[in-house]
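Order of the sequence lines fixes the chain letters, A, B, ..., with proteins taken first and strands second; residue numbering starts at 1 for each chain.
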2 protein chains.
Amino acid sequence: MASRPKATILDIAREAGVSKSTVSLVLQGSDLIRPETALKVRKAIEDVGYVYNRGAANLRKAHSNVIGMVINDLTNPFFAEMAVGMERVFQSAGIVPFIANTAENPVRQEEVLKSLMEQGVAGLIVSPARGTTPGAFRRIEMAGLPIVFTMRRLPESRIPVIAPDNHRGAWLATAHLIGKGHHRLAFFGGSSDLVVYHERLGGFREACEALGIAKRDTLVVEGETSRKGGIACLETAFAMAEPPTAALCFNDAVAFGVMLALRKRGLEPGADFAVVGFDDVIEAQHYMPALTSVAVDSAGLGERAAHVMLRMIQSRTTRAEDHIGAVNLVVRDSCGPHRRAGMGDAA
Amino acid sequence: MASRPKATILDIAREAGVSKSTVSLVLQGSDLIRPETALKVRKAIEDVGYVYNRGAANLRKAHSNVIGMVINDLTNPFFAEMAVGMERVFQSAGIVPFIANTAENPVRQEEVLKSLMEQGVAGLIVSPARGTTPGAFRRIEMAGLPIVFTMRRLPESRIPVIAPDNHRGAWLATAHLIGKGHHRLAFFGGSSDLVVYHERLGGFREACEALGIAKRDTLVVEGETSRKGGIACLETAFAMAEPPTAALCFNDAVAFGVMLALRKRGLEPGADFAVVGFDDVIEAQHYMPALTSVAVDSAGLGERAAHVMLRMIQSRTTRAEDHIGAVNLVVRDSCGPHRRAGMGDAA
DNA sequence: TTGATTTGTTGGAACGTTCCATTTAATAGA
DNA sequence: TCTATTAAATGGAACGTTCCAACAAATCAA
């Protein structure tokens, strides 16, 4: 089991009694080779335990078959699903996606991107870490490497983005809440250093305005995008003089936190306080009560991103259209039935 | 922004007015170069927008800085956490882990492994897909590439394994159930093509035997390792003449399914039927009721696996000790208080 | 028979690095 | 002054592949 010096194409050639060029052609599945010769070569390949050296090959071809996907938080099932969607597409195109995690750390992201480029990837799909500086992708753009963003958008960047329609999703959810008879609404969680945050909050605000909710009857509480953050948001809201009766949460995780906090106060999510989430992760439907949430089809977005990338690679361009994915509100039990009249304040 | 031919070390040399060897030395941070020269070179590197070609370098060095981690199911937060643990360790060792997902598909796994090897990884950490054939790793072993398994073990393989103490975990959980006064116990979920299954089931069986539960009072129901599987298991169990009053589940996901199914029948998990899970994923503590589960410290196992791999690479060996990680039972609310006497059957 | 064509195979240069052996320049020792 | 030593920089071969141009053998057209 000692690791003898790795077998190369030349070893195969010697073993099979042909030239290295012939071996190379066999490896590429060329039909210029006589079937019997090919067979002989393939046997030799097995015998010497050869592994193809793609690094050496890329030296000549300058066209690799791997693309890098850089994910900001792999432990978030939402991103994991997206990654899986992409894999499906790439697999059938014969290209291999390597995934790297940045854990929301811009420094780590820098390292990972550098490594991926050095490895000679054909393209990059990135869900940028929070706090990424606008210049972080300059080198990649300079190198003319295809790159697309998913889920998140950078403030001023010309890089194509594949993301859900956050604005519309928030609008729909808010309208649903108002339709249920709520007058005092809150937007919970998220922080303003994320473009996504502004998109969702914008949808919330516009829906409120369009449907006649006064600005003073809306409450916005920033917070971590986690269960913990949700708990904190609710506590903050209930410390107010006139607390809201319903909340749109930045995220399903926040929504779960809010529901937990409600229970802790002896309130029943749905009946006593309406909550809607965003993302519609798998757990949403299994929760008690099942969470009403804005579904964004993360796997579908992943597939779309992969297709865009494929096209960019084929047409050797670094440009592509943005793609805003459709969203839809999945109504479950966390907003209860229509709110009884006479409980709200003046309208 | 057109992609001009990629800059090489020679372009830098020309730009800086030195030889390619000098540039190479600067890139490697050698102290054989006069600081001023190094500075000049580094400036040239910036100017020409150079990206290092690791493939070309590896052609000479035959020692890369990337290792591959092959995961059977990235959407399972349990594995995602493990991956993150590994990343922490590798990062500080200057090694970049590339993650690939196999989605429990042995064919996909084959492809992914091949690709990773071709890419010239320094080592492989694999959580094998279900149904992996014993010979799947022969080529890798033949190539003398360090490899370690995590979480799962292959029937007859000499490859080192880093995994939790499944047997002990199941034993503890079962003893807990029996200590609560249950006499008819079930083991729910999982399938016998997994070594892990036998380990956990073995722990369950031994605990039952050691603590005086007759074999005929135990029920084993195989099933998918998902919520859906859990639901199915419970239905099956309740179709029996004398259904069990408590269950050890293969997996937290199965446990969640079981609790869901109980609720659907109007039964309260904990009070009416005790359930304990395995893995202790983050959601376990947030569920209603909070799930009692066997914690396996997935991130810790990930770190351990990474350390083992590092050592193997350094000492150029392909051998290492197995490592069985400690487990502990986290008691929460899903087993209720001690069971009232007189409800069970004869003992 | 001869030359043209087709089929199958081959040598060699090139890709972008590393690293050894060597050269050149600067400094020290006598 | 000359030689020995050290410091800094360099040229060239090698790594494992691809691919072009060239070649040999077999087949065909005349």
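For D:dA14, its base sits under 3.5 Å from the side chain of B:Arg60 at one donor and acceptor pair at least.
Taking 4.0 angstrom as the limit, A:Thr22 places none of its side-chain polar atoms (N or O) nearer than this to OP1 or OP2 of C:dG8. Dashed line: the shortest gap from a side-chain N or O of B:Gln28 to OP1 or OP2 of C:dT17 is not under 4.0 Å. Residue B:Arg54 places none of its side-chain N or O atoms closer than 4.0 Å to OP1 or OP2 of C:dT17. Phosphate contact (OP1/OP2 of D:dT10, side-chain N/O of B:Ser19, threshold under 4.0 Å): present. Note on B:Ser24: a side-chain N or O is less than 4.0 Å away from OP1 or OP2 of C:dT18.
The minimum heavy-atom distance between A:Tyr52 and A:Lys61, with the atom names listed, is OH-NZ, 4.2 Å.
In this structure, A:Ile33 places its CD1 atom 14 Å from P of D:dC19, rounding to the nearest Å. Taking atom CD of residue B:Glu36 and atom P of nucleotide D:dA8, one finds them 10 Å apart after rounding to whole Å. Nucleotide C:dT17 holds its C1' atom 11 Å from the CD1 atom of B:Ile12, rounded to whole Å. D:dG16 atom P lies 12 Å from atom CG of B:Asn58, rounded to whole Å. Rounded to whole Å, atom P of D:dG16 lies 16 Å from atom CG of B:Asn53. Between B:Asp31 atom CG and D:dT6 atom P there is a gap of 16 Å when expressed in whole angstrom units. Between B:Leu39 atom CG and D:dA9 atom P there is a gap of 13 Å when expressed in whole angstrom units. With rounding to whole Å, B:Ile9 atom CD1 is found 8 Å from C:dT18 atom C1'.
Ring geometry for A:Phe98 versus B:Phe98: interplanar angle under 30°, hence parallel rather than tilted (30 to 60°).
Across all strands, B:Ser21 comes closer than 4.0 Å to base atoms (heavy-atom distances).
The nucleotide whose nearest atom lies closest to any side-chain atom of B:Thr8 is, among D:dA9, C:dG16, C:dT10, C:dG16. Listed candidates were D:dT17, D:dG12, C:dG16. Nearest to the side chain of A:Tyr52 is D:dT17.
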side-chain contact (heavy atoms from CB on, under 4.5 Å) between A:Val89 and A:His307, intermediate numbers included: CA-CA 7 Å; A:Val89 174; A:His307 276 125; 3.7 Å; yes
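Side-chain atoms of B:Ser24 and B:Ser21 form no donor-acceptor pair, as typed in the model, at a separation below 3.5 Å.
Annotation: B:His323, atom NE2; neighbour count of heavy atoms from other residues, nucleotides and ligands within 6.0 Å is above 12.
Mapping B:Leu59 and A:Arg34 onto DNA chain C by nearest heavy atom places A:Arg34 at the nucleotide closer to the 5' end.
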